[in-house]
Amino acid sequence: MTAHDTPSQPVPVVDCALYEYGRRRPGHLPLDKAMEAARATPGTFVWIGLHAPTADQLQVVARAFALHPLAVEDALEAHQRPKLERYDDTLFLVLRTAAYLEHDKLTPTTDIVGTGEIMAFVGRDFIVVVRHDPSEHLGPVRRRLEADPERLAHGPVAVLHAVADTVVDQYLDVVTALEADADDVENDAFSPDAGHDVGRIYQLKRELVELRRTVAPLAVPLRDLAERRVPGVDRELAAYFRNVADHLAQAAERVAVLTELVDNALSMALAQTSVQQNHDMRRISAAAALIAIPVAIAGIYGMNFDHMPELRWLFGYPAMLIATSTLVTVVYLVFRKKRWL
């Protein structure tokens, strides 16, 4: 990129550094010097981190590193499915990040998992990492790698591994936190005193479905990297990618188990709700039956008493009250025995 390519608005560069045989050269490297410096010295590569760039800002970087327009378009639009694509000598990896959102109590509207995206353009002597909020800040990843020059000496693909490893470890952390939420809803579903709030169970199920969409598609790209189906991955890095793929498989399996558990809890809660509704209907029916007895008797006699029943009987009124009370008591005891009341 020449001087006249500099945009009117600055590119949101988080960091731009040149690495020579795994060690960082001092200072912050300007974008217009990054590619030139990387290609001028053997054993070097440049690592650029961008945060939520605009189209114009990303185009500056795309021209400098000859990035494919389709990959650049995907990086701008975001909301991409995890994938690994090859454009000439450049790899383009899309990762979806996940973070557990702390909450005091799970409700039908609680946000549990926050997601973001990381896109990485990887060439022979460069890696450009584009991060979209709310994805994890990658500063700690850079510092860990810089503390391990031997690993960083493997070049841009070593950075790609470190980023993927961090993202997958986040998946495991999120799943661990979700397991506690799943235990809570499961205990509530089987508790006889629970309110059976189906809404919050369904919300947890939706979050798990979203997490599964984040985790599952990454399996194929990691397998391609682990099996060295793409250029730039040596045997040592392939072993590291296999380890990441194994962790991803663990996360995917745990998400599947959690999804099944929450499905069962949801089914149980719905069944318990149905049982409770049937129980309530029995109670209502029993109460209606108890009320129907005096209503029926009062309807027969019309409440126009003059020593009734059977006209002019002196003890008719108290006899009617005793009979009504007796019938109501008998029906009540029958309902109690059948556990309708």
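The model shown is predicted, which means the values in this text are computed figures rather than measured ones.
- How far CD1 of Ile118 is from CG of Leu50: 12.0 Å, rounded to the nearest 0.5 Å.
- His247 places a side-chain heavy atom less than 4.5 Å from the side chain of Leu172.
- Rounding to the nearest 0.5 angstrom, the gap separating the CZ atom in Arg206 from the CD1 atom in Ile201 is 15.0 Å.
- A 4.5 Å side-chain heavy-atom check between Val185 and Asp181 finds every atom pair outside the cut-off.
- Between atom NZ of residue Lys83 and atom CG of residue Asp224 there is a gap of 14.0 Å, rounded to the nearest 0.5 Å.
- By the 6.0 Å contact criterion, OH on Tyr202 is open, its count of non-hydrogen atoms from other residues, nucleotides or ligands being 12 or less.
- At a threshold of 4.5 Å between non-hydrogen side-chain atoms, the residues Val220 and Leu84 do not count as touching.
- Judged by distance alone, the side chain of Arg86 and the main-chain N or O of Asp88 form a donor-acceptor pair under 3.5 Å.
- With contacts defined as side-chain heavy-atom distances shorter than 4.5 Å, the pair Tyr19/Val159 does not qualify.
- Contact between Leu58 and Ala75 at its shortest, heavy atoms only, is CD2-CB, 3.9 Å.
- Of all heavy-atom pairs spanning Ile127 and Leu160, the tightest one is CD1-N, 3.9 Å.
- Within the 4.5 Å cutoff, no side-chain heavy atoms of Val157 are placed close to those of Val230.
- For the pair Val141 and Val163, the tightest heavy-atom approach, listed with the atom from each and the gap, is CG1-N, 4.3 Å.
- Linking Ile, Leu, Val, Met, Phe, Trp and Tyr whenever their side-chain heavy atoms come within less than 4.5 Å puts Leu67 and Leu70 in one cluster.
- Side-chain contact between Val72 and Gln59 is present, with heavy atoms from C-beta onward closer than 4.5 Å.
- In this structure, Phe65 and Ile48 have side chains that are in contact, with non-hydrogen atoms separated by less than 4.5 Å.
- Among residue pairs with one or both ends in residues 14-25, those qualifying as salt bridge (charged side-chain N to carboxylate O under 4.0 Å, His left out) are Asp15-Arg24, Asp15-Arg142, Glu20-Arg25, Arg24-Glu146; sequence neighbours excluded.
- With sequence neighbours left out, Tyr171 forms a side-chain hydrogen bond (donor to acceptor under 3.5 Å, both in side chains) with no residue at all.
- Heavy-atom minimum distance, Arg223 versus Arg229: NE-NH1, 4.3 Å.
- Between Phe241 and His161, the angle of the ring planes goes over 60°, which puts this pair in the perpendicular group of the 30/60° scheme.
- With Arg228 contributing its side chain and Val233 its backbone, the two residues share a donor-acceptor pair below 3.5 Å.
- Distance CD/Glu150 to CD/Glu236: 6.5 Å, rounded to 0.5 Å.
- A donor-acceptor contact closer than 3.5 angstrom is absent between the side chains of Glu260 and Asn264.
- Closest heavy-atom contact between Leu93 and Pro221: CD1-CB, 4.0 Å.
- A 4.5 Å side-chain heavy-atom check between Asp234 and His154 finds at least one atom pair inside the cut-off.
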Q) What's the verdict on ring pair (Phe, Tyr, Trp, His ring centres under 6.0 Å) for Phe92 and Phe121, showing C-alpha distance, side-chain angles and the deciding distance? A) CA-CA 5 Å; Phe92 177 61; Phe121 299 88; 4.8 Å; yes

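- Separating the CD atom in Gln170 from the CZ atom in Arg96 is a distance of 13.5 Å, to the nearest 0.5 Å.
- Of all the heavy atoms in Glu207 and Val113, the pair that sits closest is OE1-N, 2.8 Å.
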